[in-house]
There are 2 protein chains.
Amino acid sequence: MTIHPDHLLSFVALVQTGSVSGAAQSRFLTQPAMSNQLKRLQESVGMPLYRRKGRGVQLTGVGEDFYIHALKVQQSMQALNSFADELHGLQAGRIYLSASQTIAGSLLPAALVSFHQRYPQIEVFVDSLNSQQVFERMEHHDLGLVESPLPSSVPECCTVVHLGEDKLVAVMPKHHPLAVSSSITLAQLDAYPLIWREQGSGTRDILEREWLKATGKPPRIQLCMGGVSAVLESVRQGLGIGMVSQFCLPTGESMLTTRPLHPQLLRPMSLLQPSHTSPLAKKLVDFLVPYLKSRLYSNLP
Amino acid sequence: MTIHPDHLLSFVALVQTGSVSGAAQSRFLTQPAMSNQLKRLQESVGMPLYRRKGRGVQLTGVGEDFYIHALKVQQSMQALNSFADELHGLQAGRIYLSASQTIAGSLLPAALVSFHQRYPQIEVFVDSLNSQQVFERMEHHDLGLVESPLPSSVPECCTVVHLGEDKLVAVMPKHHPLAVSSSITLAQLDAYPLIWREQGSGTRDILEREWLKATGKPPRIQLCMGGVSAVLESVRQGLGIGMVSQFCLPTGESMLTTRPLHPQLLRPMSLLQPSHTSPLAKKLVDFLVPYLKSRLYSNLP
DNA sequence: CATCAAACATCATTATTTATGATGCCAGAA
DNA sequence: TTCTGGCATCATAAATAATGATGTTTGATG
């Protein structure tokens with residue numbers, strides 16, 4: 001029957017995003033969880049604080065007043081968190097991060113923008129490498145992000161956090177004949193020109209193996225482009241169909257569409273941190289793990 | 001890894017009471033629960049905020065600074081709660097409460113003092129009655145407190161909240177010969193002059209029944225006083241041994257001591273609220289239930 | 001006007017968190 | 001030294017919250 005402070009933070013997020021699902025995203029929760037929190041809050045207050053309104057929600061009169069008070073709580077919480085950060089002397093500094101190409105080019109930029117809003121003084125340097133190189137550099141870098149099965153040679157030097165599964169999809173022009181299918185088999189793809197990644201790419205490795213399993217023969221690789229963006233551009237030009245991580249399409253992409261492969265091709269995505277992480281890097285970990293997990297579970301970019 | 005707002009409230013309570021167990025009481029938790037919350041808080045902050053010091057704890061330097069911030073959070077939470085209360089127009093008003101004599105004279109005063117600190121404008125009127133009368137008055141009063149088995153005639157009109165078990169004890173002068181025993185049987189008491197409550201008292205009812213069961217004969221009642229305080233004063237005067245609820249001894253009582261009976265005599269203590277409780281009475285319920293429960297479970301006044 | 005898509009609520013289940021009671025330990029008082 | 005009051009730790013039990021699936025409403029689209 002008492003007001004839970006956590007619910008207040010969710011309510012502030014609701015007001016600031018203007019929608020329940022928006023608030024859920026900003027707090028790294030699912031939409032039902034957020035709905036539940038707000039329901040509980042209103043029960044404990046004893047009055048409705050908002051109503052559904054079109055594509056979002058609108059505050060009631062009471063809700064407006066309530067927000068003023070809730071905001072004070074949220075701000076003093078924020079002040080306290082800043083204070084706690086200062087204790088560790090981590091207002092400013094640098095973090096060196098290695099990530100595989102797919103991650104560095106898709107999920108990571110948006111994540112780091114959010115992180116930078118929260119900690120403007122912390123600089124993050126990203127190296128875009130292939131998975132093997134990421135492992136090698138763990139001794140010199142603070143953090144690593146890979147999307148491949150882990151080699152057995154990692155165990156001692158660093159901790160591994162499993163973030164979720166990355167799914168490979170076929171990417172093609174919006175009006176491509178295959179776009180009518182809801183999912184696509186490798187055998188189907190065989191009839192069309194395909195665009196492959198360069199040799200050494202983890203994405204290409206798994207595709208070659210699965211291709212062999214599915215069709216009984218190695219793929220005939222005619223077009224091969226270095227890097228994800230090169231593949232996408234080739235697809236836009238109508239050169240063929242590409243296969244990339246589900247997260248690789250730029251936001252706002254209007255010419256291309258993706259279809260899931262069948263059966264699904266999944267790769268574990270993991271975060272690597274050295275045994276003795278700096279407080280600075282720990283902050284980034286605390287931020288990235290829930291951020292990336294929520295993106296991976298909901299399969300949304 | 002994030003700071004939980006709830007933990008902050010516990011930390012503020014720690015500072016204000018000066019001890020872990022004190023903070024636990026003020027938040028109606030057990031001591032291990034409070035210890036755990038404070039441990040988690042310090043883990044998430046990454047630094048110790050206090051150290052054990054004699055009969056309590058002492059803040060570290062960081063703890064002092066941290067408290068300033070935590071206090072701000074607690075105060076804005078408090079402001080928000082006041083606002084929520086105003087929404088229901090319950091800054092002021094009256095609550096009529098019926099309670100059995102034992103409760104009205106022992107647990108309730110301290111509880112209402114705490115309640116009054118929180119809601120100074122709310123007046124609570126207590127009627128001290130016997131259990132049967134409490135049930136009868138539920139139609140006209142807002143709340144009831146009894147410590148007897150419930151009659152079967154209550155079900156429809158009001159909700160019953162079980163609070164815990166009340167234990168009867170023998171009360172005697174500090175240097176009474178029986179005070180050397182750690183617990184006392186009814187058969188032992190038979191050898192001493194006893195002081196009984198008046199007829200109609202729920203406490204006397206259960207004692208008479210149990211006396212018959214334990215000794216095979218009804219008690220010979222020589223001294224009979226009206227009301228708990230009369231019984232206690234008689235004991236102080238050396239007239240005999242009394243039997244009352246464990247909570248009946250005034251705080252700071254220096255002449256008397258109590259010993260548990262064997263086997264234990266327990267009675268359920270319950271709160272009764274009418275079907276449609278006023279928001280005002282609901283506030284009191286929300287306060288009394290955890291308050292009384294924690295007192296009953298820990299068997300402490 | 002009918003259909004579609006987006007956003008929120010609800011539900012049953014699972015997972016996580018939290019509190020509890022018992023126990024052990026340490027410091028200060030007798 | 002022994003005893004007492006207060007805090008930490010532990011295993012277990014209870015309460016709470018999150019999830020994924022599903023149903024419902026609203027605004028947009030053809």
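All chains are named by letter (A, B, ...) in the order of the sequence lines, taking the proteins before the strands, and each is independently numbered beginning at 1. Keep in mind that this is a model prediction, so the values were computed, not measured.
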What is the separation between atom [atom1] on [X] and atom [atom2] on [N], rounded to the nearest whole Å?
X      : N       : atom1 : atom2 : result
Q31(B) : dC25(C) : CD    : P     : 16 Å
L29(B) : dT17(C) : CG    : P     : 18 Å
F28(B) : dT18(C) : CZ    : P     : 20 Å

* Asked: When you check the side-chain N and O atoms of T17(B) and S26(B), is any donor under 3.5 Å from an acceptor?
  -> no

* Between E147(A) and T102(A): side-chain donor-acceptor atoms closer than 3.5 Å -> yes

Give me the distances for all protein-to-nucleotides 23-30 of chain D N/O pairs that come in under 3.5 Å?
none

Would you confirm whether [X], through its side chain, and [Y], through its main-chain N or O, come within 3.5 Å as a donor-acceptor pair?
X       : Y       : answer
S270(A) : H162(A) : no
S245(B) : L168(B) : no
Q273(B) : L143(B) : no

* Is any side-chain N or O of S21(B) closer than 4.0 Å to OP1 or OP2 of dG6(D)? -> no

* Given dA8(D), is OP1 or OP2 found less than 4.0 Å from the side-chain N or O atoms of S35(B)? -> yes

* **Nearest heavy-atom neighbours spanning I241(A) and V171(A)** => CG2-O, 3.4 Å

* Taking the side chain as every heavy atom from C-beta outward, state whether L29(A) and Q37(A) have any pair of such atoms under 4.5 Å apart. => yes

* Looking at DNA chain C, which of residues 2-20 of chain A put a heavy atom within less than 4.0 Å of it? -> S19(A), V20(A)

* To do: Under 4.0 Å from any atom of DNA chain D, heavy atoms only: list the residues of residues 36-51 of chain A that qualify, in numerical order.
  => Q37(A), R40(A)

* Evaluate whether atom CZ of R40(A) has more than 12 neighbouring non-hydrogen atoms of other residues, nucleotides or ligands under 6.0 angstrom away. => no

* Applying side chain to side chain contact (heavy atoms under 4.5 Å, CB included) between V161(A) and each of V289(A), V285(A), L272(A), report the one that passes. => V289(A)

* To do: Assign the ring pair F287(A) / Y291(A) to parallel, tilted or perpendicular, where the plane angle (0 to 90°) is split at 30° and 60°.
  => parallel

* To do: Mind telling me whether F83(B) and F66(A) have parallel, tilted or perpendicular rings, with 30° and 60° as the class edges?
  => tilted

